[in-house]
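Reading through the structure tokens given below for one structure.
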Protein chains: 2
Amino acid sequence: MTTLLGGKPTAKALPFAPILADLDAADRAFANTLAQYRTPFASLIEHLKHYRGKRLRPALMLLTAKAVGKITPQHHTLAAAVEMIHTATLVHDDVLDEAEIRRHVRTVNAEWGNKISILLGDMLFTHAFHLTSQVDRRACELIGDATNRVCAGELRQVSERGNLNLSEADYFAIIDGKTAALTEVCCRLGAIHAGATEFVADKLANFGRCLGIAFQIADDLLDLTGDEGKTGKTLGTDIEQQKLTLPLIHCLSQLPEADAEDLRTAIRSGDRPATAALLAKTDSLEYAKRTADDYASRARQELECLPPSECRAILQKLTEWATRREK
Amino acid sequence: MTTLLGGKPTAKALPFAPILADLDAADRAFANTLAQYRTPFASLIEHLKHYRGKRLRPALMLLTAKAVGKITPQHHTLAAAVEMIHTATLVHDDVLDEAEIRRHVRTVNAEWGNKISILLGDMLFTHAFHLTSQVDRRACELIGDATNRVCAGELRQVSERGNLNLSEADYFAIIDGKTAALTEVCCRLGAIHAGATEFVADKLANFGRCLGIAFQIADDLLDLTGDEGKTGKTLGTDIEQQKLTLPLIHCLSQLPEADAEDLRTAIRSGDRPATAALLAKTDSLEYAKRTADDYASRARQELECLPPSECRAILQKLTEWATRREK
């Protein structure tokens, strides 16, 4: 197996220069919201900085806003809220996955236990909603709807663990919720609060949704074919957790029944070499890569509703990065 | 040890007659919100009906509304939202406490495991916020702030487990968050959406807060002195989890140091008879009862801002019930 086509911008090199000051303002809104808890839970809150990664969701909101018009203080508040929701899901995901390491450091659950992690995640959710309520009712509705979809997607994913007959439609329903709902609402809110028409806001929301789907397919591919040293996390966890992702679903549908049964057996026993050998009998890795590229291309098309600008160009670059990253 | 002064209205007999139709409307709003998930998670969503208990929080909102003016459809939506938040905390609490039984049936975690429980709780939180966003921005802000306090209270409680030097101030900070924040916001929202002035809304919010504190002190007393058959849940869990509650905090402050050390040892080893014997050396159970009664009385005083009415009389009765219930 080889890693994905690589050499493209890594997370650190994401081209966010025109919005860096605004990303920092969103970071401050995030930190200020939790500053009140310093005294009893200082080290716990402090640890959350390790959960800060690419800041993709705030960046999507701010880039969309700037590509449409102007970034406002409401965008900073909303960007902090979506990052808080994303962080809440990471904290709870690490409990669900019994993960011990994230971004090269110990997870909250590894350090403080599952109970503290569950409550910290809850607190991040509620603070995200409280932050959103500082903006307006519609933002609350949009963020509420997006997080409903995120949770339903996650719940469905956990419920389907071990289902080795998962369909492609089920897979898309799961990733549409767990990943695309949040990237979609980031772009919609970025657009709306910069004064976009509903038509443009819908287009940019669909940009965010397609980008999120492309990103998640690529992320699932990385779990199968990536390099642990580069990603900074344990890979192969999807097979370990009996979570079917697009290449495996496709492969199971393409293989002759006897081979498909062998693949199910390999997945059930967590036999990665046997899984890889059976995957190589079909073009399923390429199929998944093509599907991710197709969503990235759909995302690019939606950007055509905007006049050319530096931020539109960066949003376009993100669609390439989403499917070509190594981490 | 005896049970608390009893014979007063039980949960089933709570005098909610004038608002029963509205409680049912709130129930329907709750159920309708989750109806979309029937297909993939039918039995899970269905199981939540067992988590429906006294409906105290929706009842507080509706009684307050009717005591001030008129119940509106917005009250039904908000009553569903607060009950959903309460249910979310119960689902997560049962994971934290590794509880197997609630209201005489198996808990979600006992039946579906911790992972499903964490995600179901998250989904209930997000749906509660989405429901609230159907009302207005202020409701989102108030519910957001109340749930922030609830989560911070719970987080603090879990962090303080095993701290046998917990102060009375710490205890009040914990219960003010985990219980009183939600009863407070129920009464405030009930009042505001029935057209109350800010002055009256503040008074009724404080009614809800004092009632919540009285209720929680009585609940903690039940855990020490209650009857498992009547309460329908395992008692003695606070000592088992090394959670200090008001009688024990008071007793530790009253006993001579040698006895206090014996009490700490008894708590640490989960020795309930030794704990009871040392508790009986002080008037700490009565002190806690008096403190609960004092908060109940403060709550009653706040009701005087309202003209006499059937609903005001019921709210008043609830302050008596809160400290005298057996379950």
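A note on names: the letters A, B, ... follow the listed sequences, proteins ahead of strands, and every chain is numbered from 1. Values in this document were obtained by computation on a predicted structure and should not be read as measured data.
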Return the option, out of B:Ile143, B:Thr147, B:Leu96, with the maximum number of heavy-atom pairs under 4.5 Å with chain A.
B:Leu96
B:His47: what forms a side-chain hydrogen bond (donor to acceptor under 3.5 Å, both in side chains) with it, not counting sequence neighbours?
none
Residues passing the side-chain hydrogen bond (donor to acceptor under 3.5 Å, both in side chains) test with B:Arg106, sequence neighbours excluded, are B:Glu111
Could you tell me which portion of B:Leu142 (side chain, backbone, both or neither) has an atom closer than 4.5 angstrom to a non-hydrogen atom of chain A?
neither
Does B:Gln36 have more than 12 heavy atoms from other residues, nucleotides or ligands lying within 6.0 Å of its CD?
yes
Residue by residue, which of residues 157-170 of chain A have a heavy atom closer than 4.5 Å to a heavy atom belonging to chain B?
A:Val158, A:Ser159, A:Arg161
Comparing A:Ala88, A:Gly113, A:Cys151 against chain B, the one with the most heavy-atom pairs below 4.5 Å turns out to be A:Cys151
Can you name the nearest heavy-atom pair linking A:Ala152 to B:Tyr37, along with the distance?
CB-CE2, 3.5 Å
Using heavy atoms and a sub-4.5 Å threshold, report which of residues 114-141 of chain A line up against chain B, by residue number.
A:Lys115, A:Ile116, A:Ile118, A:Leu119, A:Leu120, A:Asp122, A:Met123, A:Phe125, A:Thr126, A:His127, A:Phe129, A:His130, A:Ser133, A:Gln134, A:Val135, A:Asp136, A:Arg137, A:Cys140, A:Glu141
